[in-house]
Amino acid sequence: MLPRRPERLKAFDYLGLHAYFLTYCTDQRHEAFVDADRVEVVSTQILRTAADEEFAIVAHCYMPDHLHLLVNGEQENSDCRAFIKRSKQFSGFYYQKAFGRRLWQRYGYEHVLRGDEALLSVARYILENPVRAGIAKSVRSYPFTGSPLYSVEEILDSLPWRPRSA
């Protein structure tokens, strides 16, 4: 059974200097991210796409069956829809080539950060995901989480983020 397609914001164009909390789930929720080789293949393509599409990767967390990303558009023409499409396309292609299995579910989830949501507090929420899920005792002990822009300490020193209620 395919998951239903998440709704996008109708009055928002996903262009420009905005930050997004993205979640990509693996196909049939298989445990793709349990070793460094698999994470490296995908991470390389995510970073490649971020450079091409002019996005900064603020934080990432590769959980066994999904990926959390916090990305920030760096230019007025940074297009989140293009980033999502290309990052899943490139990483999925190279993952299948290396490991012989489809990587992603068709749809993912995105949350556009609002002005009152601090970037580093959302990054902290992402980094703490393995601890909340009970698969790591601490953020520092989980090997597949981090940030190319900030140290773990800078992120953990930020105030906690709480997702908005629907």
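Rounded to the nearest 0.5 angstrom, Lys88 NZ and Ile46 CD1 are separated by 9.5 Å. Atoms NE2 and CG, from His18 and Asp13 in turn, are 6.5 Å apart once rounded to the nearest 0.5 Å. One finds the CG atom of Asp65 at 11.5 Å from the CG atom of Asp27 (value rounded to the nearest 0.5 Å). Once rounded to the nearest 0.5 Å, the distance linking CE of Met63 with CZ of Phe144 reads 11.5 Å.
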Practice problem: Report the C-alpha separation of Tyr24 and Ser87 in whole Å, then their side-chain angles, then the decisive distance to 0.1 Å, and conclude whether the side chain to side chain donor-acceptor pair (under 3.5 Å) test is met. | Solution: CA-CA 10 Å; Tyr24 303 166; Ser87 64; 2.7 Å; yes
Quiz item: Under the side chain to side chain contact (heavy atoms under 4.5 Å, CB included) criterion, do Ile84 and Tyr20 qualify, and how do the steps go?
Solution: CA-CA 10 Å; Ile84 292 168; Tyr20 306 89; over 6 Å; no
Practice problem: Test side chain to side chain contact (heavy atoms under 4.5 Å, CB included) on Tyr125 and Phe21 and set out the steps. | Solution: CA-CA 10 Å; Tyr125 180 83; Phe21 178 179; 3.8 Å; yes
Practice problem: Just do the side chain to side chain contact (heavy atoms under 4.5 Å, CB included) check on Phe83 and Leu69 with the steps written out, would you? | Solution: CA-CA 12 Å; Phe83 172 81; Leu69 292 171; 4.2 Å; yes
Quiz item: Where do Leu70 and Ser147 land on the side chain to side chain contact (heavy atoms under 4.5 Å, CB included) test, with the steps shown first?
Solution: CA-CA 9 Å; Leu70 179 58; Ser147 169; over 6 Å; no
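The side chain to side chain donor-acceptor pair (under 3.5 Å) test with Thr23 is passed by exactly one of His68, His66, His111, Glu110: His68.
With contacts defined as side-chain heavy-atom distances shorter than 4.5 Å, the pair Arg101/Gln28 qualifies. Taking the side chain as every heavy atom from C-beta outward, Gln89 and Trp104 never approach each other to under 4.5 Å. Contact check for Glu76 versus Leu17: side-chain heavy atoms found under the 4.5 Å cut-off. Looking only at side-chain heavy atoms (C-beta outward), Ile155 and Ile126 stay at 4.5 Å or farther from each other. At least one side-chain heavy atom of Phe33 sits under 4.5 Å from a side-chain heavy atom of Leu103. Between Tyr142 and Leu127 the shortest side-chain heavy-atom distance does not fall below 4.5 Å. Using a 4.5 Å heavy-atom threshold, the side chains of Thr44 and Glu40 count as touching.
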Show which side-chain atoms of residues 133-141 pair as donor or acceptor with protein atoms under 3.5 Å away, not counting sequence neighbours.
unit_1: Ser138; atom_1: OG; unit_2: Ser141; atom_2: N; d: 3.2
unit_1: Ser138; atom_1: OG; unit_2: Ser141; atom_2: OG; d: 3.4
unit_1: Arg140; atom_1: NE; unit_2: Glu153; atom_2: OE2; d: 3.1
unit_1: Ser141; atom_1: OG; unit_2: Ser138; atom_2: N; d: 3.3
unit_1: Ser141; atom_1: OG; unit_2: Ser138; atom_2: O; d: 2.9

Return a table of donor-acceptor pairs under 3.5 angstrom between the side chains of residues 49-59 and protein atoms on other chains or two or more places apart.
unit_1: Thr49; atom_1: OG1; unit_2: Gln45; atom_2: O; d: 2.9
unit_1: Glu53; atom_1: OE2; unit_2: Arg86; atom_2: NH1; d: 2.5

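Taking each heavy atom of Val42 and Tyr95 in turn, the nearest pair found is CG2-CD1, 4.0 Å. Residues Ser151 and Glu154 approach most closely at N-OE1, 2.8 Å, considering heavy atoms.
For Ser158 (side chain) and Leu120 (main-chain N/O), a donor-acceptor pair under 3.5 Å exists by modelled atom type. Under a 3.5 Å cut-off, the side chain of Thr26 and the backbone N or O of Gln105 do not form any donor-acceptor pair.
Note on Leu149: it clusters hydrophobically with Leu156, by side-chain heavy-atom contacts below 4.5 Å among ILVMFWY residues. No path of Ile, Leu, Val, Met, Phe, Trp and Tyr side chains, each step under 4.5 Å between heavy atoms, connects Val34 with Tyr62, placing them in separate hydrophobic clusters. In terms of hydrophobic clustering, with Ile, Leu, Val, Met, Phe, Trp and Tyr side chains grouped at heavy-atom distances under 4.5 Å, Val39 and Phe90 are assigned to different clusters.
In this view, Tyr94 satisfies the ring-ring contact (aromatic ring centres under 6.0 Å, His included) rule with no residue, not counting sequence neighbours.
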